[in-house]
Structures are given as C-alpha cells and as structure tokens.
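Before any comments, here is the structure.
Letters A, B, ... are given to chains in the order of the sequence lines, protein chains preceding strands, and every chain is numbered from 1.
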Protein chains: 2
Amino acid sequence: MAQKNRLQFIILGLLNIESKTGYDLTKAFDSDIGEFWTANHSQIYPLLKKMEKDQLITHHEEQAGPKLVKKSYDITTAGKAAFQEWLKEPSEADNSHDEFILKLYFIDSKNSPLLPEMINEQKQARAEKLNHLKQQLKDKFPTEKEKQQQNGHYNVLKHAIQRETDYLKWLDEIN
Amino acid sequence: MAQKNRLQFIILGLLNIESKTGYDLTKAFDSDIGEFWTANHSQIYPLLKKMEKDQLITHHEEQAGPKLVKKSYDITTAGKAAFQEWLKEPSEADNSHDEFILKLYFIDSKNSPLLPEMINEQKQARAEKLNHLKQQLKDKFPTEKEKQQQNGHYNVLKHAIQRETDYLKWLDEIN
DNA sequence: TATTAACATGTAATTAATTACATGTTTTTG
DNA sequence: CAAAAACATGTAATTAATTACATGTTAATA
C-alpha cells in the first residue's frame, strides 16, 4: 500500500513523548501500538534516516556498554510542528481489510458447508483477541490514575474492546 | 503493504460469478466491494496478466463495437480450485488502519483543545458513511428474495452498518 | 454534429511494506 | 562459563498499491 506515510507521524508521536532508539520504536509496535498498527524494524530504520534528512528528527549517540553505542532519536521543533499539523488534519478511515468479511461476501448461500467452520474459527480468534485486550486493560490501567494520565491510550483500548465485543455479537447473529 | 495478494482472490471470486472485463472488475470496486476493499485499474490490469500466466484465468475477445474489442476474463478450473482453497484457509484480521484512532492514541489529556473538533469531524464522517450504507441496504436488498440470493453480501453490509453504528456510539461515549 | 462523459486498456514512476539476509553486543540463565 | 535469548542496527529483494502518464472508442447530450 502506498499510503500517506502515517508511520512517520507515529514515530513523531512516540518521539514527542521521549527520545527513543530505532529498537525502542520497533518494540512499541510489539506492545501498545501493535494493537492497532504494525511496522517492522526494516521499515523503521530507513525511515528514521529519511526523517532526519528532512530535519523532523535528530539523533545523539549514547555509550551503552563497553562496545555498544546506541543511536537515540529526538524530535525537532519542525518535527513537533509537523506532528501537531497532522493531528489537526481530517482523518481518513481506511476501510479495514478484514479477510473474513471478504470471504463471507462470496458465500451466497446460508447453507454453504463452509460457513459453520469459518464462523467458528473466526469466533475463536476474535474471542482470543478480546481476552488479550481485556488483559491489556487490566495491566495498563489498573487504577483511575493511569486512565487520567494516558487517556488517549485508554480510549483506544476501550474502543478495540468494544469493536471485538460487537464483532462477536455479529458473528453470533449470522450463525 | 506487501500483503497476501488478497486482490487475486477477490478477482477470482468475481469471475467465479461470471466472466468480466478488467473494466468491469474495476467498477466492482466503485460499488459493492468498494464498501470494504479498494483497488485501482492500474493494479487490476497487470494482475490479470499475471493470473492468466499462472493459469488461474483465461480470456476471450468480444467484438463490442465497430472498432472496440473487449477482453473478457474467465476463471479456469485451477482458478476455481485456488479460490475454494482460499475460502477454507484461516482468515487473518488485518488490524484496521484507522487514522482517527491513531491520533487519539497520542492525545493524553481529556481536555486537549483538539479533541472536540476531532471528534465532531469524525462523527460527521461516520454518520455520512452510515447513511450511505443504509441506503445501499435499501437499494440492494429491497425484499427477502435478494437477501436469500446474496446472503454473503447482505451479511457484509449488515456488518458494516453495525460497525458504523457502534463506532458512533463509542464516539458519543468519549465525548 | 460537436462536445463531453463514460467506456476501455494499458504502462511508468514512486512509495509502502514484508520477508529475508547480515552482523555484532549484552544480559540472562542453566 | 557456555549457550541462549534479547538487545541493537542495518541492507537487499520482492511485492503491493497509489498516482500519474498515455491512448483510443462509444454513447449520451446539448
């Protein structure tokens, strides 16, 4: 997909919180942000170079061990401005590329022998996802304090939980 | 995105219904399928060539005017098998790339001056989408007959409507 | 009948994203 | 202390997708 380089803004958003290495950024997509966006380190490292060339970020080096030197990236004033600009722009809702929905579209008959198995598999996958999200909510937002401090993250998690819950409800209906 | 070539299976699914030209396929993404998947003609024509080379489809030419010759594509036995195979495989749920959610994640404070405008804009966009979907449902499924004949399409539309409805509900909650 | 819109089919250039290749350091654990 | 896991940083090859370029036909309409 040749998209609107949203990854760049995610990186700016993360660096806006605090200075991070390419590895730190990569890790972020394994946890928090990974819940709703994906990125590989092989995409992140080259993009960091490009963003630095574009003067949205800079980097400084840190001696992290006897031999290891870490590159830590910092957002620039221009980067902060670009990030704020992006926040203000209208958002596009990329139609979610849901493979199950796609398949379902092509199954015209209510009596297709494929349907029960497909629906069950999907129910299980979605239920697992829902459990995982609920666990995340427990782990990351144990008290009101966290909800206040990271209200965006909280809203996003709540949204994901609602989405999965509603998806499961719909799966029950078409059964 | 270097994905799992789902477009190929959409094309197979559409050709499995009936023979179509590249233009017909392109049009399908402006209406029905466009509700949940996108593709440009510049992606479709080269893919048709590749799929023909892979013997998933063939084509025949039709004299459509004094000068115009249309290329109509047909699914092969191998194509039908590949399509059925795909239907049976487990489905992956690509985390929907929703830009609004992404932005929200980075807004930590409930009192951010950006929030009200962002939420309103999103509410309006989603409400419009919902209206459009409801109209589609009316237009394409006026009676029980259509629901029986195209149950897959019906389910997918119902799902989209539920999704937008729930999304709007959630937007009200975070307001 | 001239113009415009829709039909119809491609290619080229660029950007985005995945998978695989490649290498080295540091910390943990058995 | 040896091995494994996690940390850390890149590049290369390939695939997917968008935007722009390019050309011609047919039907509708003014």
Side-chain angles (χ1 to χ4, degrees), chain A residues 1-12 14 19-31 33-34 36-54 57 59-73 92 94-97 99 102, chain B residues 1-12 14 19-31 33-34 36-54 57 59-73 92 94-97 99 102:
Chain A
M1 213 186 295
Q3 267 178 121
K4 296 226 200 95
N5 210 347
R6 294 190 183 102
L7 181 56
Q8 190 174 120
F9 296 107
I10 300 176
I11 289 175
L12 286 177
L14 290 170
S19 178
K20 284 181 185 65
T21 67
Y23 189 80
D24 292 336
L25 290 166
T26 303
K27 286 279 115 176
F29 289 92
D30 290 340
S31 53
I33 289 199
F36 57 96
W37 212 275
T38 52
N40 308 77
H41 79 275
S42 54
Q43 199 186 352
I44 290 168
Y45 286 106
L47 184 52
L48 285 170
K49 274 199 174 176
K50 186 189 170 285
M51 289 170 73
E52 188 160 30
K53 208 186 71 192
D54 295 343
I57 57 175
H59 83 270
H60 64 273
E61 300 194 336
E62 277 166 23
Q63 198 72 31
K67 290 189 182 181
L68 190 64
V69 177
K70 277 196 205 175
K71 283 175 83 172
S72 221
Y73 287 89
E92 268 175 60
D94 190 310
N95 288 315
S96 71
H97 281 190
E99 198 172 21
L102 201 50
Chain B
M1 210 188 296
Q3 266 177 117
K4 297 229 199 94
N5 210 346
R6 293 190 184 102
L7 181 58
Q8 191 174 116
F9 295 107
I10 300 176
I11 289 175
L12 287 176
L14 290 170
S19 178
K20 283 181 186 66
T21 68
Y23 189 80
D24 293 335
L25 290 167
T26 302
K27 286 278 118 179
F29 288 91
D30 291 340
S31 54
I33 289 197
F36 57 95
W37 213 273
T38 52
N40 307 78
H41 80 275
S42 54
Q43 199 186 353
I44 290 169
Y45 286 107
L47 184 52
L48 285 169
K49 274 199 175 177
K50 186 189 169 286
M51 288 170 73
E52 187 160 29
K53 208 186 71 190
D54 293 344
I57 57 175
H59 83 271
H60 64 274
E61 300 194 337
E62 277 167 23
Q63 198 72 30
K67 289 189 181 182
L68 189 63
V69 177
K70 277 194 205 175
K71 283 174 83 170
S72 221
Y73 287 88
E92 266 175 60
D94 191 310
N95 289 316
S96 72
H97 281 189
E99 198 173 21
L102 202 49

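Distances were taken from every side-chain heavy atom of B:Lys70 (C-beta onward) to each of C:dA16, C:dA8, D:dC7; the shortest belongs to C:dA8.
We find that CG of B:Asp24 is positioned 17 Å from P of C:dA6, with the value rounded to whole Å. If you measure from atom CD1 of B:Ile44 to atom P of D:dA16, you get 14 Å, rounded to the nearest angstrom. Here the P atom of nucleotide D:dT9 and the CG atom of A:Leu25 are 10 Å apart, to the nearest Å. Look at CD on B:Gln63: it is 15 Å from C1' on C:dC7, rounded to the nearest Å. Atom-to-atom, NE2 of A:His97 to P of C:dA17 comes out at 12 Å; the value is rounded to the nearest Å. Rounded to an integer number of Å, the gap from CZ of A:Arg6 to P of D:dA17 is 14 Å. Atom pair A:Tyr45:OH and D:dC7:P shows a separation of 11 Å (rounding to whole Å applied). Rounded to whole Å, the distance from CG on B:Leu47 to C1' on C:dT9 is 15 Å.
For C:dA16, the OP1/OP2 oxygens have no side-chain nitrogen or oxygen of A:Gln43 closer than 4.0 Å. Of the side-chain N and O atoms in B:Lys71, one or more sit less than 4.0 angstrom from OP1 or OP2 of C:dG10. Remark: B:Asn40 is in phosphate contact with D:dT18, judged by side-chain N or O atoms under 4.0 Å from OP1 or OP2. Residue A:Lys67 places none of its side-chain N or O atoms closer than 4.0 Å to OP1 or OP2 of C:dG24. A close approach under 4.0 Å does occur between a side-chain nitrogen or oxygen of B:Lys49 and OP1 or OP2 of C:dT11. Between A:Tyr23 and D:dT9 there is no side-chain polar atom (N or O) within less than 4.0 angstrom of OP1 or OP2. Side-chain N/O atoms of B:Ser42 include none lying less than 4.0 angstrom from OP1 or OP2 on C:dA13.
Put simply, OH on A:Tyr45 and OG1 on A:Thr26 are 5.0 Å apart, with the number rounded to the nearest 0.5 Å.
The minimum heavy-atom distance linking B:Thr38 with B:Phe29 is given by the pair C-CD2, 3.9 Å.
The aromatic rings of A:Tyr73 and A:His59 sit tilted relative to each other, their planes meeting at an angle between 30° and 60°.
Nucleic acid contact class of A:Thr21 (heavy atoms, under 4.0 Å, all strands): sugar-phosphate only. Across all strands, A:Lys50 comes closer than 4.0 Å to no nucleic acid atom at all (heavy-atom distances).
Ion pairing of A:Lys27 with A:Asp24 is absent here, as no side-chain N (NZ or NE/NH1/NH2) approaches a carboxylate O to less than 4.0 Å.
In this structure, B:Glu62 and B:Thr21 have side chains that are not in contact, with every pair of non-hydrogen atoms separated by 4.5 Å or more.
Nearer to the 5' terminus of DNA chain D, by closest-nucleotide assignment, is the contact made by A:Gly22 (compared with the other of A:Gly22 and B:His41).
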